[in-house]
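In what follows, chains carry the letters A, B, and so on, assigned in the order in which the sequence lines appear, proteins first and then strands, with residues in each chain numbered from 1.
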Amino acid sequence: MSRYNFKESEARWQAAWNEHGSFRAVEDPSRPKYYVLEMFPYPSGRLHVGHARNYALGDVVARYKRAQGFNVLHPMGWDAFGLPAENAAIANKVHPADWTFENIRVMRGQLQLMGLSYDWEREVATCTPEYYKHEQKIFLDFLKAGLAYRKESWVNWDPVEHTVLANEQVIDGRGWRSGALVEKRKLSQWFLEITRYAEELLAAIAGLDRWPDKVRLMQENWIGKSSGLRFAFDVVGREDRIEVFTTRPDTLFGASFVALSPNHPLTAELAEKNPALAGFVAECNRLGTSEAAIETAEKLGYDTGLTVAHPFQPGRTLPVWVANFVLMEYGTGAIFGCPAHDQRDLDFARKYGLDVIPVVFPEGAAPAEFRIGDEAYTGPGRLGNSGFLDGLDVEDGKRAAIARMEELGRGEGTTIYRLRDWGVSRQRYWGCPIPVIHCEACGIVAVPDDQLPVELPSDVDFDEPGNPLDRHPTWKHVSCPSCGGAARRETDTFDTFVESSWYFARFASPKVEDRAFDRAAAEYWLPVDQYIGGVEHAVLHLLYSRFFTRALSECGYLDLAEPFAGMMTQGMVTHATYRDRDGLWLYPEEVALRDGTPVRASDGAPVEVGRLEKMSKSKKNVVGLEGMIESYGADTVRLLLLSDSPPERDLEWTEAGIDGAWRYVNRLWRLVTEPAVPLPPPGAPAPASFSDAALAVRRVTHKTVAAVAQDLDRFHFNKVVARVRELTNALADLQGAGEGEAWALREGCEVLVTLVNPMMPHLAEELWHRLGHPGLLADQPWPEADPALVVEDTVKVAVQVNGKLRATIELPRDCAEAEAREVALAEPNVQRAMDGKPPRKVIVVPNRIVNVVA
RNA sequence: GCGGGCGUGGCGGAAUUGGCAGACGCGCCGGACUCAAAAUCCGGUUCUGGUGACAGAGUGUCGGUUCGACCCCGACCGCCCGCACCA
């Protein structure tokens with residue numbers, strides 16, 4: 001009994017594909033194209049099985065589409081700018097560039113071990129000037145088109161390290177390294193006007209019919225269109241007004257306070273003369289800038305002592321508070337609170353003893369007896385206690401309130417979006433330099449095209465905190481391209497989402513030097529037909545890319561709105577986490593089982609097993625890929641990643657599964673290389689007739705072809721694996737040694753090997769070769785099912801009595817209802833269950849079920 | 001807090017989308033081969049009762065719609081993801 005030698009085979013076939021240029025993509029307008037793309041990785045160090053799952057999924061699609069005759073583009077690259085490189089620089093005294101390129105080198109080698117069908121000639125790394133110079137040009141075009149602008153915005157500031165902190169570096173309101181309480185600071189930064197496309201980005205979601213519904217819904221909610229009323233309250237005793245936005249103008253008579261954001265200009269003005277308020281604002285700012293932190297914090301307020309006049313009730317005033325849950329970025333940065341009909345307002349009112357005035361009464365409730373307890377009433381009803389709105393329902397009330405406000409000239413009905421413009425400035429070294437110059441005389445001056453790219457200086461140090469670009473002795477000192485005077489280079493770099501917002505277009509023509517991409521090539525390949533990546537990118541990266549594609553089109557680069565025609569979100573690969581007694585994370589390979597209890601392998605110390613979590617370096621619950629490939633081969637690893645869990649669901653990596661996959665690889669190997677019957681030569685004509693056994697196997701073969709194609713089209717790869725295993729079992733069980741059996745076995749093996757090819761390409765090539773075929777399986781077309789062998793003449797039909805299964809009967813396919821009914825009722829077990837009584841009703845679902853209602 | 005998702009045997013999952021719950025695999029149990037082990041092969045494996053045919057229960061919990069519910073509706077519980085400077 002032989003074993004599959006994966007080491008030899010994988011090396012051989014990888015070399016063969018390479019030599020034949022099997023996966024090189026060339027534009028060919030005469031053939032239908034198919035662009036498969038997996039989200040390119042950040043080169044964090046080593047490839048783990050979580051990455052590998054993503055690429056295995058994409059490779060199945062790419063190889064399947066290739067076999068179907070599409071001209072496939074399947075590229076790979078590196079999203080190479082980012083924070084971890086700077087952290088490594090600080091921790092290990094390596095240059096971010098050296099660290100990054102070394103990681104790319106290692107990870108590229110690991111990817112190549114997997115035998116993925118990439119066109120490696122199209123590889124890009126975003127941290128190279130060859131890539132980012134085009135990004136700088138794109139930005140300058142956006143600037144010209146008015147899509148880029150500067151405004152002040154808040155950042156997390158670590159007062160000890162004198163550094164801007166990313167949200168993930170703020171832990172419980174403190175800087176991750178210094179432990180200092182984080183402050184918020186206002187900086188002037190670059191923004192891209194994504195809100196210009198808010199309506200279009202929202203409307204076009206409906207057309208993304210090959211995207212998961214959940215992603216479309218999340219994007220819709222993220223854009224967050226809502227209509228309502230914007231109006232102003234007069235501040236008592238002052239000249240100015242407070243503008244608010246509300247989606248519930250119908251509840252205006254139930255208003256009992258106005259709340260300002262801690263960052264509202266009026267708050268700032270009042271705080272100047274009010275140290276207590278200034279203290280409150282400072283406390284709010286300690287929460288950092290993340291919305292999650294702000295929204296989950298305890299609701300806090302500060303009474304400013306100001307009041308505003310109620311716009312519809314002369315003489316009535318409302319107190320003005322500052323509240324930590326009012327976001328300056330949404331609406332006008334101020335709200336009115338109606339505690340009776342909004343839960344957050346109610347919690348706030350109860351806490352600070354503010355009025356709760358119900359104005360919406362559910363149908364049938366007597367207004368005099370209707371009380372608000374701990375829960376705000378947000379349902380439908382009739383308005384009361386509401387002056388001219390009394391008696392209207394909620395929707396009519398909204399319209400009437402807006403109309404009155406417009407008559408009064410105090411406000412207007414408007415639509416607002418939750419979506420905010422995209423802040424792209426980062427105060428970091430390892431990113432694409434923003435190509436502008438600040439001149440005292442000329443203001444913001446674009447770096448002229450002939451001076452692009454603005455390259456990152458390599459002589460930087462990370463010994464001191466802060467941005468090394470800003471500290472660099474010479475880099476930022478330049479002369480103004482406009483007036484020639486002394487000027488200062490922008491030292492901020494781009495958010496790394498900028499690079500990933502157009503890389504899919506760069507892949508169309510990664511070698512062109514004078515443009516971001518060749519338009520004809522981009523328009524040939526785009527949109528991406530199938531994009532595959534983690535759900536965690538469901539909103540930001542995908543939305544930014546959709547925006548970028550539109551903006552590029554507006555600037556004349558392209559004529560395209562949507563970059564990704566098909567989208568698949570893949571679940572995470574999870575693994576248990578382990579900690580020792582001191583709470584330090586351990587790698588899975590550092591943990592051993594002793595008498596069923598996990599202990600540290602080195603000294604037997606107790607280990608605490610944590611919950612399953614997404615594989616991440618920080619928690620050390622990563623399973624390296626290289627060791628797996630070394631011990632079991634790429635195909636076994638690929639098979640395991642594709643079996644079991646459906647792609648969109650999380651997959652728990654277990655060591656147990658790999659043995660099962662390896663077992664199957666060998667089972668398949670032996671089925672083909674040691675057939676029970678000697679196989680006829682390739683291409684031998686079919687015998688005139690087949691035995692029942694041979695025919696049965698042929699049926700399974702063709703049914704499998706049909707089912708696998710359907711499952712592949714829907715990305716149900718785990719089911720593909722199950723079906724392929726069933727075919728393997730059927731072929732292995734084939735009895736008889738006649739000509740028909742031998743022929744059916746060859747047919748089955750060839751089909752099996754072809755079906756398995758997208759998943760386990762090395763093994764499939766090897767077996768194809770052993771079956772006596774001279775060419776590459778990679779060049780073979782996808783098999784087609786013979787319809788005559790797929791459909792059976794009889795069907796098994798379940799018989800239920802009162803919804804409970806009592807028998808199974810065999811019926812001719814598509815037989816008459818009367819016949820089905822008769823056969824079903826004749827079943828002894830059915831008779832018994834009915835206790836001799838006649839049926840009241842019989843429901844016949846053709847070819848499926850007969851349900852007898854007794 | 002807000003938005004989104006998920007929940008089925010000991011485990012991963014399947015169920016043609018309202019029609020036989022548990023395909024396929026892992027694990028486990030028993031057997032064959034072997035001096036023995038590994039590998040391989042054969043059989044069994046949702047739970048309860050029964051030697052058995054069979055009967056009853058069963059898809060996170062509670063309720064509803066239906067001839068029929070893992071699937072649809074309502075309420076709840078648990079876990080996971082995102083929340084704009086991680087990528």
Exercise. Would you say the side-chain atoms of S425(A) pair up with the backbone N or O of W190(A), donor to acceptor, closer than 3.5 Å?
Worked result: yes
Exercise. Which is it for D659(A) and Y632(A) under the side-chain hydrogen bond (donor to acceptor under 3.5 Å, both in side chains) test, yes or no, and what are the steps along the way?
Worked result: CA-CA 9 Å; D659(A) 290 322; Y632(A) 295 96; 3.1 Å; yes
Exercise. Between T794(A) and E810(A), is any side-chain donor less than 3.5 angstrom from a side-chain acceptor?
Worked result: yes
Exercise. side-chain hydrogen bond (donor to acceptor under 3.5 Å, both in side chains) between Q570(A) and R649(A): does it pass, once the steps are laid out?
Worked result: CA-CA 7 Å; Q570(A) 139 222 341; R649(A) 218 186 288 186; over 6 Å; no
For this session: Quick one: label V842(A) by what it contacts on the DNA or RNA (base, sugar-phosphate, nothing), any heavy atom closer than 4.0 Å.
Result: nothing
Exercise. So does R848(A) reach the base of C20(B) with its side chain, donor to acceptor, closer than 3.5 Å?
Worked result: no
Seminar exercise, completed: Taking A84(B), A15(B), A87(B) as options, the one with an atom nearest any side-chain atom of R418(A) is A84(B)
Exercise. What do the steps show when you test E329(A) against W154(A) for side-chain hydrogen bond (donor to acceptor under 3.5 Å, both in side chains), and what is the final call?
Worked result: CA-CA 10 Å; E329(A) 291 79 16; W154(A) 296 92; 4.9 Å; no
Exercise. To the nearest angstrom, how far is H716(A) atom NE2 from A15(B) atom C1'?
Worked result: 12 Å
Problem set entry | Gap between atoms CG and P, on N87(A) and C86(B) respectively (whole Å) | 12 Å
Exercise. When we call it a touch if two heavy atoms are under 4.0 Å apart, what does L419(A) touch: a base, just sugar-phosphate, or nothing?
Worked result: base
Exercise. Between K804(A) and V797(A), which is nearer to the 5' end of RNA chain B once each is assigned its nearest nucleotide?
Worked result: V797(A)
For this session: For F325(A), answer base if it contacts any base atom (sugar-phosphate contacts may also be present), sugar-phosphate if it contacts only those atoms, and nothing otherwise; contact means non-hydrogen atoms under 4.0 Å.
Result: nothing
For this session: Syn or anti for U51(B), please, going by whether the chi angle lies within 90° of 0.
Result: anti
Exercise. Q189(A) near the nucleic acid: base, sugar-phosphate alone, or nothing, with a heavy-atom cut-off under 4.0 Å?
Worked result: base
For this session: Kindly point out which of A84(B), U40(B), A21(B) is positioned nearest to the side chain of N167(A)?
Result: A84(B)
For this session: Taking atom C1' in both A75(B) and C81(B), compute the distance separating them and give it to the nearest angstrom.
Result: 24 Å
Problem set entry | Touch class at under 4.0 angstrom, heavy-atom based, for G82(A) against every strand present | sugar-phosphate
For this session: May I have the distance from E329(A) (atom CD) to A84(B) (atom P), rounded to whole angstrom?
Result: 10 Å
For this session: With RNA chain B as reference, determine whether Q169(A) or D659(A) sits nearer its 5' end, using the nearest nucleotide of each.
Result: D659(A)
Problem set entry | Residue A292(A), side-chain atoms from C-beta onward, closest of G56(B), C26(B), C83(B) | C83(B)
For this session: Output the single nucleotide from G1(B), A87(B), A23(B) whose closest atom is nearest the side chain of E726(A).
Result: A23(B)
Exercise. What is the distance from CZ of R185(A) to P of C85(B), rounded to the nearest Å?
Worked result: 19 Å
Problem set entry | W502(A), Y503(A), F40(A) screened by ring pair (Phe, Tyr, Trp, His ring centres under 6.0 Å) with Y131(A), the one that passes | W502(A)
Problem set entry | Whole-Å gap separating C1' (A15(B)) and CD1 (I849(A)) | 13 Å
Exercise. Is V724(A) touching bases, backbone alone, or none of the nucleic acid, heavy atoms closer than 4.0 Å?
Worked result: nothing
Exercise. How does each nucleotide of nucleotides 4-13 of chain B score, in 5' to 3' order, for protein heavy atoms under 4.0 Å: base (B), sugar-phosphate only (S), or none (-)?
Worked result: SS-S----BS
Problem set entry | Nearest-angstrom distance from the residue atom CD1 of I434(A) to P of C85(B) | 13 Å
Exercise. Centre of Y417(A)'s six-membered ring, under 6.0 Å away, within 45 degrees of the axis: is that where NZ or CZ of K225(A) sits?
Worked result: no
Exercise. Using a cut-off of 4.0 Å on non-hydrogen atoms, how would the nucleic acid contact of Q800(A) be classed: base, sugar-phosphate, or nothing?
Worked result: base
For this session: State whether a side-chain donor-acceptor pair under 3.5 Å links Q427(A) with N467(A).
Result: no
Exercise. Is G31(B) syn or is it anti, if syn means the base angle is within 90 degrees of 0?
Worked result: anti
Exercise. Among the nucleotides A87(B), C41(B), A15(B), which one has an atom lying closest to any side-chain atom of L83(A)?
Worked result: A87(B)
Exercise. Are the charged groups of D213(A) and R216(A) less than 4.0 angstrom apart, N to O?
Worked result: yes
Exercise. Does a distance-only test, which skips hydrogens and angles, find a donor-acceptor pair under 3.5 Å between the side chain of N851(A) and the base of C67(B)?
Worked result: yes
For this session: Kindly give the heavy-atom pair with the smallest separation between V182(A) and R174(A), and that separation in Å.
Result: CG2-C, 3.6 Å
Exercise. With sugar-phosphate meaning primed atoms plus P, OP1 and OP2, does N729(A) contact a base, only sugar-phosphate, or nothing at under 4.0 Å between heavy atoms?
Worked result: sugar-phosphate
For this session: Using the side-chain hydrogen bond (donor to acceptor under 3.5 Å, both in side chains) rule, pick out the option among D492(A), T493(A), D495(A) that qualifies with R426(A).
Result: D495(A)
Exercise. For S290(A), which contact category applies under a 4.0 Å heavy-atom criterion: base, sugar-phosphate, or nothing?
Worked result: sugar-phosphate
Exercise. Is E295(A) side chain donor-acceptor paired with the C83(B) base, going by distance under 3.5 Å alone?
Worked result: no
Seminar exercise, completed: Taking G19(B), C85(B), A84(B) as options, the one with an atom nearest any side-chain atom of V845(A) is G19(B)
Exercise. Of all the choices, C20(B), C24(B), U40(B), which nucleotide is nearest to the side chain of T808(A) once you look at every atom?
Worked result: C20(B)
Problem set entry | Rounded distance (Å) that lies between atom P of A87(B) and atom NE2 of H537(A) | 10 Å
Problem set entry | C1' gap between C6(B) and G56(B), integer Å | 31 Å
Seminar exercise, completed: A correct dot-bracket answer for RNA chain B, with pairs being Watson-Crick or G-U at under 3.5 Å, [ ] for crossing pairs and | for inter-strand pairs, is (((((((..(((......[....)))((((((.......))))))((((....))))..(((((..]....))))))))))))....
Exercise. Regarding S500(A) and D79(A), is there a side-chain donor-to-acceptor distance under 3.5 Å anywhere?
Worked result: no
Exercise. Out of C26(B), A87(B), C85(B), which has the shortest distance to the side chain of L540(A)?
Worked result: A87(B)
Exercise. Of the candidate nucleotides U40(B), C67(B), A87(B), which contains the atom at the shortest distance from the side chain of K841(A)?
Worked result: C67(B)
For this session: In whole angstrom, give me the gap between the C1' atoms of G7(B) and A55(B).
Result: 30 Å
Exercise. How far apart are the C-alpha atoms of W430(A) and T100(A), what are their side-chain angles, what is the distance that settles it, and do they pass the side-chain hydrogen bond (donor to acceptor under 3.5 Å, both in side chains) test?
Worked result: CA-CA 10 Å; W430(A) 195 233; T100(A) 302; 3.3 Å; yes
Exercise. Is any side-chain nitrogen or oxygen of R670(A) closer than 4.0 Å to OP1 or OP2 of A39(B)?
Worked result: no
Exercise. Within this structure, what is the CZ-to-P distance between R725(A) and C24(B), rounded to whole angstrom?
Worked result: 11 Å
Exercise. Expressed as a whole number of Å, how far does the C1' atom of G10(B) sit from that of G44(B)?
Worked result: 16 Å
Exercise. Picking from A39(B), C42(B), A84(B), which would you name as closest to the side chain of D733(A)?
Worked result: C42(B)
For this session: In whole angstrom, give me the gap between the P atoms of G25(B) and C79(B).
Result: 34 Å
